[in-house]
**Q** 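Below: one structure in structure tokens.
In what follows, residues are counted from 1 in the order of the sequence shown. Side chains included, hydrogens not; waters and symmetry mates left out as well; all remaining heavy atoms used.
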Amino acid sequence: MSSSPLAGKTALVTGAARGIGYAIAARLATDGARVAVLDLDTAVAKEAAERIGPSALALTADVTVAGEVEAAVRQVDAAFGRLDILVNNAAYPRGNDRVPFPELDEKIWRRVLDIKLTGAFLLCKRIVPIMVKRQWGRVINLSSIAGKRGSPNTAAYNVANFGIQGLTQSLAMEVARHGVTVNAVCPGTIDTARMDVLGRGDGWQKQLDRIPMGRAASDEEVAGLIAFLCSPAAAFMTGQSINIDGGMVMW
């Protein structure tokens, strides 16, 4: 028997060309899965898949468009013949959504919710029936500790992440008897490569000061939790929204 816990499985990870998404895709491949790396940026998705190796497939799609989701799933099926794991990681890039509520533009509000919630809905709607038919599947939805408590100037982000946890619980209840688990992972502060661009000044240090463990998590630590939820060791866990925040929500 293979020592790789995900040998023979196929995973689709959205928003997987960079950051946490890439770390997740790379970890699942390390654990034996074949991985479809889905992103909006074709060139970066191809580069990420090449770095992961021959077990990875690059895909381009807008997760908010049903037709593009359908085409991506067909590509995975053509390449690998199965789909066992779905990781909904795609999200609106942090920036002009972080403003006081009266200043939040309606188009940005809709886009934040569309990518996070509608994207997860469309992918689950297309892929979960495949899992149910096979009587095995793992769905991991990326949320945030911002989906467990509100904060100023982040209304769209908070709402999207609260919604992901509601979707997780509702879907988990529907498919629990079919060998399919659905869980959410809720990171706190993550030290991604993007921080090299945004900078690690006073604001960054203030965030770290709010974390009992005194540091941010790495992409790889988040990926490790997701790999665990896909593994046989987590077969009896479903409908959970698991914090990986160094104790931040205890404040």
**Q** Taking the six-membered ring of Y22 as reference, does the cationic atom of R51 (NZ for Lys, CZ for Arg) lie under 6.0 Å from its centre and within 45° of its axis?
**A** yes

**Q** Considering residues at least two apart in sequence or located in another chain, which fulfil the side chain to side chain contact (heavy atoms under 4.5 Å, CB included) criterion with F80?
**A** T10, R34, L57, V76

**Q** F228: which residues meet the side chain to side chain contact (heavy atoms under 4.5 Å, CB included) condition with it, sequence neighbours left out?
**A** L225, S231, A233, A234, M237

**Q** Under 3.5 Å, side chain of T30 to main-chain N/O of A26, donor-acceptor pair present?
**A** yes

**Q** Can you see which heavy atom on R215 is nearest to which on A217, and at what distance?
**A** NH1-CA, 3.9 Å

**Q** Going through the distances and angles, do L122 and V63 end up as a side chain to side chain contact (heavy atoms under 4.5 Å, CB included)?
**A** CA-CA 7 Å; L122 290 174; V63 298; over 6 Å; no

**Q** Tell me, please, which residues at least two apart from D105 pass salt bridge (charged side-chain N to carboxylate O under 4.0 Å, His left out).
**A** none

**Q** Not counting sequence neighbours, which residues clear salt bridge (charged side-chain N to carboxylate O under 4.0 Å, His left out) with D245? List them please.
**A** none

**Q** Can a donor-acceptor pair be found, under 3.5 Å and without considering hydrogens, that links the side chain of N89 to the backbone of G15?
**A** yes

**Q** Does the side chain of P5 come within less than 4.5 Å of P232's, by heavy atoms?
**A** yes

**Q** Can you see which heavy atom on A72 is nearest to which on A61, and at what distance?
**A** CB-CB, 4.3 Å

**Q** Can you tell me if Q205 and D209 form a side-chain donor-acceptor pair at under 3.5 Å?
**A** yes

**Q** Could you tell me whether the side chain of F101 reaches within less than 4.5 Å of the side chain of N153, counting heavy atoms only?
**A** no

**Q** With a 4.5 Å cut-off on side-chain heavy atoms, are R138 and D84 touching?
**A** no

**Q** Quick one: are V222 and I190 in side-chain contact, heavy atoms under 4.5 Å?
**A** yes

**Q** Who are the salt bridge (charged side-chain N to carboxylate O under 4.0 Å, His left out) partners of R177, not counting sequence neighbours?
**A** none

**Q** Going from OG on S144 to NZ on K116, what distance comes out if it is rounded to the nearest 0.5 angstrom?
**A** 7.5 Å

**Q** Would you say I140 and L59 are hydrophobically clustered, going by side-chain heavy atoms of ILVMFWY under 4.5 Å?
**A** no

**Q** Could you pull out all residues at least two apart from I127 that satisfy side chain to side chain contact (heavy atoms under 4.5 Å, CB included)?
**A** L12, V73, L83, L86, L123, M131

**Q** Any idea which heavy atoms bring A56 and A49 closest together, and the distance?
**A** CB-O, 3.6 Å

**Q** Sort and list the pairs that fulfil side chain to side chain donor-acceptor pair (under 3.5 Å) and have at least one residue in residues 95-104, not counting sequence neighbours.
**A** Y92-N96

**Q** Which residues pass the side chain to side chain donor-acceptor pair (under 3.5 Å) test with N88, sequence neighbours left out?
**A** N141

**Q** Is the side chain of E174 donor-acceptor paired with the backbone N or O of L171 at a distance under 3.5 Å, no angle test?
**A** no

**Q** Identify whether the distance between the nearest side-chain nitrogen and carboxylate oxygen of E221 and R27 falls below 4.0 Å.
**A** no

**Q** Do K9 and W136 have side-chain heavy atoms sitting under 4.5 Å apart?
**A** yes

**Q** If you take all heavy atoms of A23 and D219, which pair is closest and at what distance?
**A** CB-CB, 3.5 Å

**Q** Under 4.5 Å between any side-chain heavy atoms of C230 and I85, yes or no?
**A** yes

**Q** If hydrophobic clusters are built from ILVMFWY residues whose side chains come within less than 4.5 Å, do L167 and V185 share one?
**A** no

**Q** Tell me whether the count of non-hydrogen atoms from other residues, nucleotides or ligands lying under 6.0 Å of NZ in K148 goes above 12.
**A** yes

**Q** Counting heavy atoms not belonging to R110, are there more than 12 under 6.0 Å from its CZ?
**A** no

**Q** If you round to the nearest 0.5 Å, how far is CD1 of I115 from OG1 of T64?
**A** 7.0 Å

**Q** Output, in order, the C-alpha distance, side-chain angles, deciding distance and verdict of side chain to side chain contact (heavy atoms under 4.5 Å, CB included) for V139 and C124.
**A** CA-CA 8 Å; V139 178; C124 287; 4.0 Å; yes

**Q** Does R18 pair with D41 as a salt bridge, N-O distance under 4.0 Å?
**A** yes

**Q** Applying the 4.5 Å side-chain criterion to the ILVMFWY set and letting contacts propagate, would V35 and L6 be lumped into a single cluster?
**A** yes

**Q** Run the side chain to side chain contact (heavy atoms under 4.5 Å, CB included) test on I164 and L142 for me, step by step, so that the C-alpha distance in whole Å, both residues' side-chain angles and the decisive distance to 0.1 Å come before the verdict.
**A** CA-CA 8 Å; I164 278 291; L142 265 291; over 6 Å; no

**Q** Can you name the nearest heavy-atom pair linking V112 to A160, along with the distance?
**A** CG1-CB, 4.2 Å

**Q** Could you tell me whether the side chain of V44 reaches within less than 4.5 Å of the side chain of D39, counting heavy atoms only?
**A** no

**Q** Suppose we screen for salt bridge (charged side-chain N to carboxylate O under 4.0 Å, His left out). Which residues come up paired with E50, at least two apart in sequence or across chains?
**A** none

**Q** Test your reading of the model: is there a side-chain donor-acceptor pair from S143 to the backbone of N161, 3.5 Å cut-off?
**A** yes

**Q** Could you go step by step and tell me if L38 and V13 meet the side chain to side chain contact (heavy atoms under 4.5 Å, CB included) rule?
**A** CA-CA 6 Å; L38 188 149; V13 183; over 6 Å; no

**Q** Only counting residues at least two apart or in another chain, list the ones meeting side chain to side chain donor-acceptor pair (under 3.5 Å) with T154.
**A** S151, N158

**Q** Any side-chain donor-acceptor pair under 3.5 Å between T238 and T181?
**A** no

**Q** Side chains of M248 and T189: does their closest heavy-atom pair fall under 4.5 Å?
**A** yes

**Q** Could you walk me through whether D62 and R111 satisfy the salt bridge (charged side-chain N to carboxylate O under 4.0 Å, His left out) test, starting with their C-alpha distance in whole Å, then the side-chain angles of each, then the deciding distance to 0.1 Å, before giving a yes or no?
**A** CA-CA 12 Å; D62 183 336; R111 188 62 177 163; 3.5 Å; yes

**Q** If only atom types and distance count, is the side chain of T60 paired as donor or acceptor with the main-chain N or O of L40 below 3.5 Å?
**A** no

**Q** Do you reckon I242 sits in the same ILVMFWY cluster as I226, going by side-chain contacts under 4.5 Å, direct or chained?
**A** yes

**Q** Grab the two heavy atoms, one from N183 and one from Q240, that are nearest each other, plus how far apart they are.
**A** OD1-N, 3.0 Å

**Q** Measuring from I20:CD1 to E220:CD, what's the distance to the nearest 0.5 Å?
**A** 10.0 Å

**Q** Can you name the residues that form a side chain to side chain contact (heavy atoms under 4.5 Å, CB included) with A78, not counting sequence neighbours?
**A** none

**Q** Side chain to side chain donor-acceptor pair (under 3.5 Å) with K125: which residues, sequence neighbours excluded?
**A** none

**Q** Same cluster or not: are L28 and I244 linked, directly or through other Ile, Leu, Val, Met, Phe, Trp or Tyr residues, by side-chain heavy atoms under 4.5 angstrom apart?
**A** yes

**Q** Got more than 12 heavy atoms from elsewhere within 6.0 Å of CD, Q135?
**A** yes

